[in-house]
Amino acid sequence: MGLLDGRKGLIFGIANDRSIACHIARSFVAEGATCGFPHLPGEKNERRVRKALQDFGGDDPWLMPCDVSRDEDIDETFAQARERFDAIDFVVHSLAFADRAYLKPGKFVDTPRDVYCQALDISAYSLVAIARRAKEMMPKGGSILAMTYYGSDKAVPGYNVMGVAKAALEACTRYLALELGEQGIRVNSISAGPIRTLSSMAVGGIDEIFEWVQKKAPLHRNVEASEVGKTAVYLASDLSSGVTGENIFVDSGYNIVGL
Ligand code: NAD
């Protein structure tokens, strides 16, 4: 018996087979979940998502284009979800965006207003927009999960405006947890250590971050995306029924080191 048998939900944020969302999806499907996959619009994007899902997503996985900076896309995604599922049990928000020209050490002070607003809109506000639609489909409660990083709390060279967006995202999870708790909806985040994906490769100085974690983290290695997938299963399942508003680090323990 799987930990997510009979559970249904949406996993936002698969770009390719390296995406953290793809590893979360693999773990969810292995535990019995049925998932829909909203993805950034575009034929090329759809092809990549389909390819990423080919060995575990079933013959005809449910994909839908959704640019989370557009309310009408999010509305359409949930309208389709309602047709398919009636109710959902989980939503995974594993997406972010910031103009890579400003993800370089020494460039935070130069962040223009539009770059800042876009990063916060796509990477943080979208969680609120998604949660508002999701709660209408969670009459028996549910679990909403977002992905964050250590750069929300500490100034990591090169992470820049994305660190500010992650601070906002983490605050959003707490406020959402506070308000949605009475409906039995839990909202949590996972703070993953660095993992090689399209997004992380856009962060200037990322190779040094990988080396530094390997040297300094208690486990002396970087994490695997599959380890994030396992923690996501915990947060979506009854194993975490008493946990909400939390941020769980899956980072080889790097965040606890003081020196
Ligand atoms: P990824 O590039 O595979 O995934 C990012 C996703 O965001 C992509 O699927 C992309 O299409 C999507 N996206 C961007 N703009 C969008 C928009 N407007 N509408 C809809 N989707 C949009 O990279 P990833 O590393 O798997 O990132 C997933 C999440 O994990 C992000 O929140 C990221 O910040 C977080 N995270 C990543 C790491 C890491 O080191 N890779 C560490 C901690 C947290």
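Residue numbers count from 1 along this sequence. Side-chain atoms are counted along with the backbone in the values below, which use heavy atoms only and exclude waters and symmetry mates. Both ligands and their constituent atoms are indexed starting at 1 by order of listing.
Each of the following atoms of ligand 1 lies closer than 4.0 Å to a heavy atom of Cys66: 19 (N), 20 (C). The contact set between ligand 1 and Asp67, taken as ligand atoms under 4.0 Å from a residue heavy atom, comprises 17 (C), 18 (N), 19 (N). Here is the list of ligand 1 atoms found below 4.0 Å of a heavy atom in Met147: 29 (C), 30 (O), 32 (O), 35 (C). Interface atoms of ligand 1 facing Gly193, defined by a heavy-atom separation under 4.0 Å, are 40 (O), 42 (C). Proximity to Ile14 (heavy-atom distance under 4.0 Å) selects the following atoms of ligand 1: 9 (O). Interface atoms of ligand 1 facing Ser200, defined by a heavy-atom separation under 4.0 Å, are 39 (C), 40 (O), 41 (N).
Between Arg133 and Asp71 there is a salt bridge, since a side-chain N of the basic residue sits under 4.0 Å from a carboxylate O of the acidic one. By the 4.0 Å N-to-carboxylate-O rule, Arg7 lies close enough to Asp238 to be salt-bridged with it. Ion pairing between Asp75 and Arg132 fails under the 4.0 Å rule for side-chain N and carboxylate O.
Considering backbone and side-chain N/O atoms, Thr197 comes within less than 3.5 Å of an N/O atom of ligand 1. Note: an N/O pair closer than 3.5 Å links Ser199 and ligand 1 by distance alone. Looking at Val68 next to ligand 1, an N or O pair under 3.5 Å apart turns up. Of the polar atoms of Pro194, none of the N or O atoms is found under 3.5 Å from an N or O of ligand 1, judged by distance alone. Distances between N or O atoms of Ala192 and those of ligand 1 include no value under 3.5 Å. For ligand 1, none of its N or O atoms has an N or O atom of Leu40 under 3.5 Å away.
With rounding to the nearest 0.5 angstrom, the CG atom of Leu10 is 5.0 Å from the CD1 atom of Ile88. How far OG of Ser126 is from NE2 of His93: 3.0 Å, rounded to the nearest 0.5 Å. A distance of 9.5 Å separates CD1 in Ile14 from NE2 in His23, rounded to the nearest 0.5 Å. Expressed to the nearest 0.5 Å, how far NE2 of His39 lies from CG of Asn45 amounts to 7.5 Å.
Looking at Val223, Ile195, Asp73, it is Ile195 that brings a heavy atom closest to atom 39 (C) of ligand 1. Taking only non-hydrogen atoms, the option from Val250, Ile20, Thr148 nearest to atom 26 (O) of ligand 1 is Ile20. Comparing heavy-atom distances from atom 15 (N) of ligand 1 across Thr77, Leu95, Ile122, Leu127 singles out Ile122 as nearest.
Listed here is the closest heavy atom pair of Asp73 and Pro41: OD2-CG, 4.1 Å. Scanning both residues, Met147 and Lys166, for their nearest heavy atoms gives O-NZ, 3.0 Å. Heavy-atom minimum distance, Pro194 versus Asn222: CG-OD1, 3.5 Å.
Scanning all protein heavy atoms for the shortest distance to atom 3 (O) of ligand 1 gives Ser19 OG, 2.6 Å. Of all protein heavy atoms, the one lying nearest to atom 9 (O) of ligand 1 is Gly13 O, 2.9 Å. The nearest protein atom to atom 14 (C) of ligand 1, hydrogens excluded, is given as Ala96 O, 3.4 Å; this is a heavy-atom distance. Counting protein heavy atoms only, atom 29 (C) of ligand 1 is closest to Ser94 OG, 3.5 Å. Distance from atom 10 (C) of ligand 1 to its nearest protein heavy atom, with residue and atom name: Ala15 CB, 4.5 Å.
Partners of Phe28 under the ring pair (Phe, Tyr, Trp, His ring centres under 6.0 Å) rule, at least two apart in sequence or in another chain, are Phe90.
At a 4.0 Å heavy-atom cut-off, ligand 1 does not touch Asn45 at all. With a 4.0 Å cut-off on non-hydrogen atoms, Lys166 touches ligand 1 through its side chain and not its backbone.
For Tyr102 and Phe108, the ring centers are positioned 6.0 Å apart or more.
Crowding of Tyr125 atom OH: a count of heavy atoms from other residues, nucleotides or ligands under 6.0 Å exceeding 12.
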